[in-house]
Number of protein chains: 2
Amino acid sequence: MPKRGKKEEAAKDGEGVPPKVPKASPAPQYEDPPLREETPGGRRWTLKVTSWNVDGLRAWVKKGGAQWVQEEAPDVLCLQETKCAGPSVPPEVRGLPGLPHQFWASAEGKPGYSGVGLLAKTEPLKVTYGIGAPEHDSEGRVITAEFPSLFVVSAYVPNAGRGLVRLEPRLRWDSAFLEFLRGLDAQKPVLLCGDLNVAHQEIDLCHPGSNRASAGFTPQEREGFSRLLGAGFVDSFRRLYPEARGAYTFWTYLGGARARNVGWRLDYFVLSRRLADDALCDSKIRSAVPGSDHCPITAYLAM
Amino acid sequence: MPKRGKKEEAAKDGEGVPPKVPKASPAPQYEDPPLREETPGGRRWTLKVTSWNVDGLRAWVKKGGAQWVQEEAPDVLCLQETKCAGPSVPPEVRGLPGLPHQFWASAEGKPGYSGVGLLAKTEPLKVTYGIGAPEHDSEGRVITAEFPSLFVVSAYVPNAGRGLVRLEPRLRWDSAFLEFLRGLDAQKPVLLCGDLNVAHQEIDLCHPGSNRASAGFTPQEREGFSRLLGAGFVDSFRRLYPEARGAYTFWTYLGGARARNVGWRLDYFVLSRRLADDALCDSKIRSAVPGSDHCPITAYLAM
DNA sequence: CGTGCAATG
DNA sequence: CATTGCACG
C-alpha cells in the first residue's frame, strides 16, 4: 500500500550513495514500555493473544517465526497473509507446542494469495469462516473462533490496491465486516485481531502528508475505521497509549524503511467496549521481531 | 530433458535415508587429461573458445561465472540460456576484460526464455542472428560471428520438451539448422559451439537405456546429429577421445545428479572437417566448474 | 532443483 | 524488496 516514491527519502547528498540509515531518523524508534500485568481495576491477565501478518507462512517459518511464537507462548495465535492452503502448512507450525487446535482459510482458486489462520490452546466451541457476504468470502480472510466468554476474529482486510484500483470493493468490505462484527458483539464480546489494512490517524503512520491518496490511508478507509469505533469497539493500543508516536506494525521492504522506522500501524486488537473496559491489561507491539514486513502484536486480557 | 523418475537411483536401503552420494558411483567422475597444446601436425593453438549454457546469466554472475571466465580468458565466449535481454546484461559481463565485442540475442515476447550471447576479443567482420528460418528465428537461439578465417556460431538448440511435446518443431529445426551450417561451411570453416540438446551416442549419457524416449536422446534427435556429422562436420571431443566415458556437460539439478555424475553430454564444439583436421588441438570439458546445471567447455585451435 | 517471470503487497 | 505460483528445463 505505501507506494511512495523515493523523493521523500532522497537526501541531497551530492554524488555520494545515500546512507541507508540516516543519523537523524524522521520517526523515533518506538520504545516499548514494560508490560501492564493488570487491568486498571486490578485484575491480572489470563488470556494472551498474538496476531501477525506473516507475509507467507512457509518463508516465515524458515526465518524462525514459529520459533518466536513458541517463546511468546500465546493462548491464541492469529496469522494473516499465510499464502498457504491448509495442507501446505509446514510441520513446524502444525506441531507448535500449546496450540493444538488449528484452523486455516485460504483463497479459492488463487493459490499463494491471502489466507489466514487461527491457532488455539483450548478448543473453541465453534469456528466459522468468512463474514457472511458472498462477495468477500472466497479469499480466506476471516476466521472466527467462539470461546466461552468471547469471540476471537483473525482478519486480513483487503488492500485497496495500487492506484486504489480496489478501493470500492474495500469500502463494501468495511460495511459488511462492520455488520458482521455487530452481529457477533450482540452475542458475546469480540476480540478482533489482524491486519486491518488501515492507519487510522496521522499519528499511525510516518508520512501522513504524502499518503492521503495511498491505499490504507484514504479518508474513506479511515472513516471506515472510525465507524467501527463508533459502533462500540475500541482500538486497544491507542486507548492505552494515546500519545505514542512511531508505534508501527508494518514497514515496506522497499528502501530500508524498517531500519528508519518509516512505517504504518496496520495491525490491531479491536475490542468490544465492555471487553476493553473490563479485561484489557495491555496491547503490545513487538517492533523488533523479524520474519515479515509486519511485526507481531500481543494483547493481554483478564477474562 | 531428463525426466527420469527416482526409480533408477532409489537404492534398496531398507528404511534408512538413501545417501546422496553413493559409494559406488554408477558413472565414473570424468578425469580431464592434460591440455594438448598442438595439433597432430605440430601446430600450436592460437585461438581459445569457451562455450557455456549459463542457465540464467544474472544468477550465473552472482555465482561467480564471470569471474571464472576472466580466469579462463578465452578469445571467444559463447553463452546459451542467458534468459536475459541485451539491456539487462549485468555490468560484470559487459566489462569482462578481453571480451569487448559483445552480441546478444533474446526471445521476442518471451522475457526470461532462451537467449544466447557471443563475446569476442577481436571485432568480427560481420554478425548475424538466427538461421534464416522464420519459424525458428524469434527465440534468440543463434548468433554467428564471421572472423577472417572462420565462422563461430553460438547456438542453443530447442529442447523437445517434457513428453516430447515439441519434438516435431525440434526436428524441423535440425533440418533448417543443418542447411544453415552447410551454407556457412561453403564459404569458410565453421566452429559451432553450444548446447545442441542431444546426447549423440549411448556413451554420451549416464543412463541411455531409460532415456530412449526422453528429450535429447530420441532416435530422431540422435539421427539429426548423425546427419550433421555426415555433412562434413566433426564432434571435436569425440574425435579426440573416442572412448572417454562419464564425460558429461549437463546434470539435472534434481536429485543430486551432478554429485553422482549422472549426466549428459549436450554441449559441443562441432567443426568443419577441414578445421578439425588442420586446426583442432584440444576440446576440454570443465566438469568441476560450478555456476549452472551445465559446465563450460573450451576448444583450442591453431589458426 | 533452479531460473526468471507475473501478480501482489 | 519481498512473497507465492508458474513455465521451462
Side-chain angles (χ1 to χ4, degrees), chain A residues 1-4 6 20 53-63 65 80-85 88 106-107 109-115 139 156-166 170 195 197 214-216 250-259 262 264 266 290-294, chain B residues 1-4 6 20 53-63 65 80-85 88 90 106-107 109-115 139 156-166 195 197 214-216 250-259 262 264 266 290-294:
Chain A
M1 72 249 19
K3 50 144 209 171
R4 300 166 300 90
K6 300 212 169 192
K20 301 234 165 169
N53 176 319
V54 295
D55 188 31
L57 189 68
R58 285 162 289 193
W60 171 84
V61 164
K62 291 178 191 147
K63 290 180 284 196
Q80 300 88 36
E81 265 200 285
T82 55
K83 298 180 173 183
C84 177
S88 308
S106 53
K110 293 187 191 175
Y113 178 73
S114 186
E139 294 192 321
Y156 174 48
V157 169
N159 192 299
R162 290 243 165 85
L164 303 177
V165 288
R166 287 188 49 89
R170 159 59 182 272
D195 177 0
N197 251 321
S214 299
F250 163 83
W251 306 262
T252 174
Y253 281 123
L254 287 75
R258 191 163 184 170
V262 177
W264 301 51
L266 300 180
S292 167
D293 51 356
H294 294 244
Chain B
M1 74 246 20
K3 48 143 209 173
R4 301 166 297 90
K6 300 212 167 189
K20 300 236 163 167
N53 176 318
V54 294
D55 188 32
L57 188 68
R58 284 162 290 193
W60 171 84
V61 163
K62 290 176 191 149
K63 291 180 283 195
Q80 300 88 36
E81 266 200 286
T82 54
K83 298 182 173 183
C84 178
S88 307
S106 54
K110 293 187 191 176
Y113 179 73
S114 186
E139 294 191 324
Y156 174 48
V157 169
N159 193 298
R162 289 244 165 83
L164 302 178
V165 289
R166 288 188 49 89
D195 177 359
N197 251 322
S214 299
F250 163 84
W251 306 261
T252 174
Y253 281 122
L254 288 75
R258 190 162 184 170
V262 176
W264 301 52
L266 300 180
S292 168
D293 50 356
H294 293 245

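Not measured: the values here are computed from a predicted model. Naming convention: chains lettered A, B, ... in sequence-line order (proteins, then strands); numbering from 1 in each chain.
For the pair B:K83 NZ and D:dA7 P, the computed distance is 14 Å after rounding to whole Å. Rounded to whole Å, the distance from CG on B:D55 to P on C:dG2 is 10 Å. For the pair A:F250 CZ and C:dG9 P, the interatomic distance rounds to 11 Å; values are reported in whole Å. The distance between atom OH of B:Y156 and atom P of C:dT3, rounded to the nearest whole Å, is 15 Å. One interatomic measurement links the two molecules: CG of B:D195 to P of D:dC8, which rounds to 17 Å at whole-angstrom precision. Taking atom CG of residue A:D293 and atom P of nucleotide D:dT4, one finds them 12 Å apart after rounding to whole Å. A:L254 has its CG atom 13 Å from the P atom of D:dT3, to the nearest Å. A:W60 has its CH2 atom 21 Å from the P atom of C:dG9, to the nearest Å.
The nearest heavy atom of DNA chain D to B:P158 and to A:G112 marks one nucleotide each, and the one closer to the 5' end goes with A:G112. A residue-by-residue look at B:Y253 and A:K110 shows that B:Y253 has its nearest nucleotide of DNA chain C further toward the 5' end.
One finds a side-chain N or O of A:R58 lying less than 4.0 angstrom from the OP1 or OP2 phosphate oxygen of D:dG5. A sub-4.0 Å separation between OP1 or OP2 of C:dG9 and a side-chain N or O of A:Y113 is present.
Using a 4.5 Å heavy-atom cutoff, the side chains of A:F250 and A:D195 are not in contact.
Side chain of B:T82 to backbone of B:G115: a donor-acceptor contact under 3.5 angstrom is found.
Considering only residues two or more places apart in sequence or on other chains, A:D293 meets the salt bridge (Lys or Arg N to Asp or Glu O under 4.0 Å) condition with none of them. With sequence neighbours left out, A:W60 forms a ring pair (Phe, Tyr, Trp, His ring centres under 6.0 Å) with A:W52.
Atoms OG and CD, from B:S114 and B:Q80 in turn, are 9.5 Å apart once rounded to the nearest 0.5 Å.
Side-chain atoms of B:R162 and base atoms of D:dG9 include a donor and an acceptor less than 3.5 Å apart.
Across all strands shown, B:K63 has heavy atoms under 4.0 Å from sugar-phosphate atoms exclusively, and none from any base.
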